[in-house]
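On a predicted model such as this, the values are computed, not experimentally measured, just so you know.
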Amino acid sequence: MTYYLFNIIITLGLFHFIYEGIIAPASRMKIRNNLFKLRDELRAYHASGDVVDSETFEIIHGGINNFINRVSSLNFAAQRKLKSRYKHDQKFKEELQNLSKKIDDSPDKELKRIDDEATKWIAKAFIVNHGAWLVYVVPVVFVILTFSSVKKLAQRLFLVPKQQINSIAPSRKLAI
């Protein structure tokens, strides 16, 4: 038993080391590079003079700039802080809703496309920053779901009438 536990711990540690040391940084760099690319597209679009809504341009430009250097900071703690502030700070909530409404109401389809793509990359960053936790969370979720289904099964078995229980779960003679 100790041998298996030791091997599991070593394997998890190795996976975590490889993920956090190689896979996640490479993925974060890809995300940053795509945000740079989107910012360049946004700036080129603005320079072409085709931008219909300069206020929306500034909102999206600022949003992309904010996250280029914060890709690795997108985690559960940041999400919790955002939710808490959104819930308790009415002024902050209204400001975010107004900015979101300006983007949604903008007639400029190219700006909306760039905003959508940037949002997808930021969501991917959140997933990358929690990827190593999947190894730890998935087994726990599996156990919870299994016990949940076992409880339902036990409730159903408990309700089976006496005449039918032997066909489902025959009794056994105990050797005492």
> Is it true that K101 and E95 have a side-chain N and a carboxylate O under 4.0 angstrom from each other?
Replying inline: no
> Below 4.0 angstrom, N of the basic side chain to O of the carboxylate: do K120 and E117 qualify?
Replying inline: no
Looking at every heavy atom in both [X] and [Y], which two are closest together, and how far apart are they?
X	Y	value
L74	A125	CD1-CB, 3.6 Å
A78	S73	CB-O, 3.6 Å
P25	G21	CG-O, 3.7 Å
G131	Y19	CA-OH, 3.3 Å

>> Can you see whether S106 engages D108 through a side-chain donor-acceptor pair at a distance of less than 3.5 angstrom?
In response: no
Donor-acceptor pair, side chain of [X] and main chain of [Y], under 3.5 angstrom:
X	Y	value
T119	D115	yes
D89	R85	no
N129	V71	yes
S100	L96	no

Out of curiosity, [X] [atom1] to [Y] [atom2], how far, rounded to the nearest 0.5 Å?
X	Y	atom1	atom2	value
K102	I59	NZ	CD1	5.5 Å
R70	I122	CZ	CD1	11.0 Å
R32	R28	CZ	CZ	11.5 Å
K93	N98	NZ	CG	12.0 Å
D104	K112	CG	NZ	6.5 Å
T56	I114	OG1	CD1	12.0 Å

> Out of K30, K37, M29, which residue meets the side-chain contact (heavy atoms from CB on, under 4.5 Å) rule with N33?
Replying inline: M29
Among the clusters formed by ILVMFWY side chains lying less than 4.5 Å apart, do [X] and [Y] turn up in the same one?
X	Y	result
W121	L82	no
W133	L14	yes
Y4	I10	no
V128	F15	yes
I31	I127	no

>> Applying salt bridge (Lys or Arg N to Asp or Glu O under 4.0 Å) to E110 and R113, what does each step give before you reach the verdict?
In response: CA-CA 5 Å; E110 181 64 10; R113 181 196 67 77; 2.7 Å; yes
> Could you give all pairs that pass the ring-ring contact (aromatic ring centres under 6.0 Å, His included) test and reach residues 31-50, with sequence neighbours left out?
Replying inline: H46-F57
> Checking side chain to side chain contact (heavy atoms under 4.5 Å, CB included) for the pair V51/L42: CA distance, chi angles, key distance, verdict?
Replying inline: CA-CA 9 Å; V51 172; L42 186 64; over 6 Å; no
> Quick check: are there more than 12 heavy atoms from other residues, nucleotides or ligands sitting under 6.0 Å from CZ of F142?
Replying inline: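 At most 12 heavy atoms, drawn from other residues, nucleotides or ligands, come within 6.0 Å of this atom.
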>> Walk me through whether Y136 and L12 qualify under side chain to side chain contact (heavy atoms under 4.5 Å, CB included).
In response: CA-CA 9 Å; Y136 306 107; L12 287 174; 4.0 Å; yes
If you define the side chain from C-beta out and look only at heavy atoms, does anything of [X] sit under 4.5 Å from [Y]?
X	Y	value
F126	F76	yes
N34	L38	no
R39	R43	yes

> Which class fits the ring pair F92 and Y86: parallel under 30°, tilted 30 to 60°, perpendicular over 60°?
Replying inline: perpendicular
